[in-house]
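Taking it in order: structure first as structure tokens, then the write-up.
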Amino acid sequence: RKLKDWAANIDRVSAYNLSSFELELIASNIVRSKPTYIIAYGSCLGQLCNYLKDQNRDFRDLGVKRIVNTSETILSKDAELAESIFNCPVINEYGMAEAGVIGYSKGNLYPVDIFWLDFAIWLCDQRIILTTLGDRCFPLINYDTEDLGTSRDIKAGMVVRLNSLLGKA
């Protein structure tokens with residue numbers, strides 16, 4: 001993973017230690033490596049950006065093209081703060097351990113475009129229900145992700161784009 005991230009010029013923010021000392025190490029690493037992309041959990045990104053704001057640090061000229069929020073719903077205030085500090089959009093990667101990456105947004109947090117050749121998704125009282133398509137050893141059929149979302153983009157009964165992710169049921 002570290003080699004792939006290095007080759008793609010990606011910095012991943014660890015969620016395991018977010019002390020002031022660790023946040024300073026993360027910030028220093030971002031300045032040193034000048035990543036094209038930063039991948040982080042929403043809560044970690046929020047803590048990092050609040051730390052940078054408190055330190056009066058500005059990373060707008062580093063050349064970061066996208067910050068990818070992954071693995072949890074991000075607060076809009078944290079996304080807005082990150083966008084102001086890094087001068088780039090925060091986008092969403094939607095997925096789960098059981099299925100892998102299911103979709104991405106492009107220029108903002110929403111909408112999240114579903115990889116519809118790989119997944120059939122529908123909503124039941126805002127709960128995201130998933131079926132994997134294609135050749136898999138352990139397919140998921142009518143799998144309740146326990147995630148909540150909304151969509152206005154439904155074709156043939158299937159969600160092709162999520163307009164919001166609301167957290168867990």
Okay, side chain of E72, backbone of G42: is any donor-acceptor separation there less than 3.5 Å?
-> yes
Sort and list the pairs that fulfil side-chain hydrogen bond (donor to acceptor under 3.5 Å, both in side chains) and have at least one residue in residues 82-94, not counting sequence neighbours.
-> N69-N92, T70-E93, E93-Y104, Y94-D147
Whether over 12 other heavy atoms sit under 6.0 Å from W122 CH2 | yes
State, yes or no, whether a side-chain contact exists between F59 and V64 at a heavy-atom distance under 4.5 Å.
-> no
Shortest non-hydrogen separation from L165 to T73 and the atoms involved = O-CG2, 3.6 Å
At their closest point, which heavy atom of D113 faces which heavy atom of R161, and how far apart are they?
-> OD1-NE, 2.6 Å
Please tell me if the side chains of Y37 and I91 come closer than 4.5 Å, counting only heavy atoms from C-beta onward.
-> no
Spatial distance of atom CE (M158) from atom CZ (F119) [nearest 0.5 Å] = 14.0 Å
Atom CD of E80 and atom CD1 of I74: how far apart are they, to the nearest 0.5 Å?
-> 10.0 Å
With R66, which of P89, C88, P35 fulfils side-chain contact (heavy atoms from CB on, under 4.5 Å)?
-> P89
Interatomic distance, OG@S33 vs CG@L62, rounded to 0.5 Å, equals 8.5 Å
May I ask whether L133 and I102 are part of the same hydrophobic cluster, defined by side-chain heavy atoms of I, L, V, M, F, W, Y residues being less than 4.5 angstrom apart, directly or through others?
-> no
Any side-chain donor paired with an acceptor under 3.5 Å for E24 and S28?
-> yes
Heavy-atom nearest pair, L45 first then A40, reads CB-CB, 4.2 Å
Is atom NZ of K168 surrounded by more than 12 heavy atoms (other residues, nucleotides or ligands) closer than 6.0 Å?
-> yes
If you round to the nearest 0.5 Å, how far is CG of L109 from OG of S164?
-> 11.0 Å
Hey, could you give me the OG/CD1 distance between S71 and I39, rounded to the nearest 0.5 Å?
-> 9.5 Å
Cluster link I129 to Y143, ILVMFWY, side chain under 4.5 Å = no
Smallest separation among heavy atoms of L130 and A99, with atom names = CD2-CB, 3.8 Å
A82 and I67: which non-hydrogen atoms are nearest, and at how many Å?
-> CB-CD1, 4.0 Å
Taking C-beta and beyond as the side chain, do Y51 and I26 meet within less than 4.5 Å on heavy atoms?
-> no
Do Y110 and V68 sit in the same hydrophobic cluster, where Ile, Leu, Val, Met, Phe, Trp and Tyr count as joined when their side-chain heavy atoms come under 4.5 Å apart?
-> yes
Would you indicate whether R136, at its atom CZ, is surrounded by more than 12 heavy atoms from other residues, nucleotides or ligands within a distance under 6.0 Å?
-> yes
Heavy atoms only: give me the nearest R127-D144 pair and the separation to one decimal.
-> NH2-OD2, 2.7 Å
Just by distance, do the side chain of N50 and the backbone of G46 share a donor-acceptor pair under 3.5 Å?
-> yes
Do other residues, nucleotides or ligands put more than 12 heavy atoms under 6.0 Å from D61 CG?
-> no
According to a 4.5 Å side-chain heavy-atom criterion applied to Ile, Leu, Val, Met, Phe, Trp and Tyr, with indirect links allowed, do L23 and V31 form part of one hydrophobic cluster?
-> yes
Can you tell me if T132 uses its side chain to pair, donor with acceptor, with the backbone of L140 under 3.5 Å?
-> yes
When clusters are formed by joining ILVMFWY residues with side-chain heavy atoms under 4.5 Å apart, either directly or through shared neighbours, do W116 and M96 land in the same one?
-> no
OG1 on T150 to CD1 on I128, rounded to 0.5 Å | 8.5 Å
